[in-house]
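Report on the following structure.
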Protein chains: 2
Amino acid sequence: MTPRRPRAATINDVAALAGVSIATASKALNGRGQVRDETRQRVLVAAEELSFQPNALARSLISGQTRTVGLLTSDSVGRFGIPVLLGAEDAFGAGEMSVMLCDARGDSIREQHHLRTLLARRVDGLIVVGESTDPRPSISRNLPLPVVYAYAPSDDPDDVSFVPDDVEGAKMAVQHLITLGRRRIAHVTGPTHYRAAQDRAEGTQAALAEAGLELVAGQPLFGVWSQRWGRQAAEIVLKHEVDAVMCGSDQIAAGFIEAARERGRRIPDDIAVVGYDNWEVLSAETRPPLTTIDMNLERLGRTAAQHLFAAIDGKATPGVHRMPCRLIIRESSLTGTV
Amino acid sequence: MTPRRPRAATINDVAALAGVSIATASKALNGRGQVRDETRQRVLVAAEELSFQPNALARSLISGQTRTVGLLTSDSVGRFGIPVLLGAEDAFGAGEMSVMLCDARGDSIREQHHLRTLLARRVDGLIVVGESTDPRPSISRNLPLPVVYAYAPSDDPDDVSFVPDDVEGAKMAVQHLITLGRRRIAHVTGPTHYRAAQDRAEGTQAALAEAGLELVAGQPLFGVWSQRWGRQAAEIVLKHEVDAVMCGSDQIAAGFIEAARERGRRIPDDIAVVGYDNWEVLSAETRPPLTTIDMNLERLGRTAAQHLFAAIDGKATPGVHRMPCRLIIRESSLTGTV
DNA sequence: TACGTTTCCGAAAACCTTTTCAGTGTGCTT
DNA sequence: AAGCACACTGAAAAGGTTTTCGGAAACGTA
């Protein structure tokens, strides 16, 4: 009934076809040991003939190495998780590693389940990708394999974590505004309970303090990560005299720009605007295009993967590593350019 | 130097600790065969003690089933690929399957390489996820395992493919406009060489024809999938008398709405607008929020996964299956509501 | 021819689990 | 007391590969 799928060829079949023992076949295929050239050729031809693929399971069973890593996403993979994940996948692909993707969807039961599965499959290591920069519970305690955390750091400082350096990122953005001669700067950002909002506010205020300036409105305007809040915040901010706004996200910036334009303010001539995240769909489509901070998440993912390799080789690098962001300059901050 | 990671416990260790043979230990753990209750308990306790995890590699080697599937993304995973991928991952997770993620980044060399790796790892099946609805080359010819294509169909009709039904989706959108009393409808969409643009144009015109109407401007306005094109297209469209616009994507719709508002047209009072994709970041943030077509991609991914299960069980379902879209009604098409 | 040296090849063990089948011991029946 | 059925347990094989080590053949030298 069901078309019997042909069992894949084994090294036994290859050896038989080549008229040698499996030991010789193995050595010929792996270029190991003493095998006469003529014999090696015979084996190679036989393998080709049968389109032989060595069974990775059997191989791993012996070597104790699966050349596989688990990618555990705690929250459902989203806007920030994806680039990290892609960066990691990229690095692993280059290292001939395969990636097992597990999405716990924010459910710790499911996370435990996936963890058990990955352990049973004897993965060589684990990357845990979070959805915000808030610290998350460690899973590495007494885990018999190396773990690296990306984007969301582990709450255990002995673990290896990689996070974007939001404080420096925000600082860079504000320094950019100050360099351009802006002095009356406001800060509109997300909810106070987000670590990202806190960090970006801190960086913003640090940059202002260094320049001997104060925040317009006295303190950051905390709200939510939405365009709507950006529009609402514009109403508040525009009551003050302001020549620049540092926004905690591109969404907020997009909303702010839209509302400010409607109220007749020219961007960037009257007010320079900087966003955060470099979410292309927004930052490239606002009018004018948005100057913003790019967290370089793909690189963060790649770096995390590379450090996982190192950890697998026994060279762990504990601690929370903050990865630099970069400033993407577009027209929302550049007066007099087109 | 490197802290020796303790070798994971084997069933041997468990058996020794419980004072039984490995055969008995195995039977006790799997609830198989005749084992005295007291003995079973001893084994269970020992396994717990050593936090024993049966080695999935050894298990798969015997059973010939890895309970693993490959998820091969041809183009770099993007906006459309992600939800499909998540849906598939979801379905597999429920079925206790693990997922190997491979991103070929649009490179067929890399795709071949990943394919070989997955074959070597003896995955039970494969899902190929594409980035557009254009047909892609089949990889399943003489492949010794079941393959299902999602979003981008295979060019071989004997393969199993799942794609969104864009023709019906567009038709649904236009019928919605007609039901609301709109009669002078334009269509602004993406590049002609996209299958998605073609299908949506076809559905649009079919719905109009059924109602005895004709497209304003005579034919669809093909352009690119961007907000900018939406704005440009508005200039063209507004030269005609128009009371509704069916857009080929939410991005185009967002651009159109913005430009139309600037020109003093009220949405939806003067012109009703419908988008496509239900890309929340846009469709929920335009003013007014956007009526749009949701392709239900997560469901598409889940369905593809379920059919892969079926194919693994020998019950393949060849052909290109078109999955229904759904209409998301928001305020950009609803006159007189708030 | 006898012996040592190379060169090449193959048998077998190891990795870990599941399953089959044979064996042991217990309690019961006659 | 012998025989039997039954409940339980363990030895061994299988799955595919790599590696180790011993053995065989070929060749050269004495």
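Reminder, nothing fancy here: chain letters follow the sequence lines and each chain counts from 1. All heavy atoms count here, side chains included; hydrogens, waters and symmetry mates do not.
Classification of B/Asp313 and B/Lys315 as a salt-bridged pair fails, no side-chain N sitting under 4.0 Å from a carboxylate O. Between B/Asp90 and A/Arg105 there is a salt bridge, since at least one side-chain N of the basic residue sits less than 4.0 Å from a carboxylate O of the acidic one.
A donor and an acceptor atom, one from each side chain of A/Thr24 and A/Ser21, are located under 3.5 Å apart.
Whole-Å rounding puts the A/Asp37 CG to C/dC8 P distance at 9 Å. The separation between A/Arg36 atom CZ and D/dA24 atom P is 18 Å, rounded to whole Å. Between B/Arg42 atom CZ and D/dT9 atom C1' the separation is 11 Å, expressed in whole Å.
Looking at A/Ser140, A/Ser161, A/Ser74 one by one, the single match for side chain to side chain donor-acceptor pair (under 3.5 Å) with A/Tyr149 turns out to be A/Ser140.
Between the OG1 atom of A/Thr66 and the CZ atom of B/Arg121 there is a distance of 6.5 Å, given to the nearest 0.5 Å.
Nearer to the 5' terminus of DNA chain D, by closest-nucleotide assignment, is the contact made by B/Gln34 (compared with the other of B/Leu57 and B/Gln34).
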### Task
Go along nucleotides 13-23 of chain C 5' to 3' and tag each nucleotide: B for a protein heavy atom under 4.0 Å from its base, S when only backbone or sugar atoms are that close, - otherwise.
-BBBBBBB---
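The number of heavy atoms from other shown groups lying within 6.0 Å of OH (B/Tyr194) does not exceed 12.
The residue B/Ser63 sits apart from the nucleic acid: no heavy atom pair falls under 4.0 Å. Heavy atoms of B/Ser60 sit nowhere under 4.0 angstrom from any nucleic acid atom.
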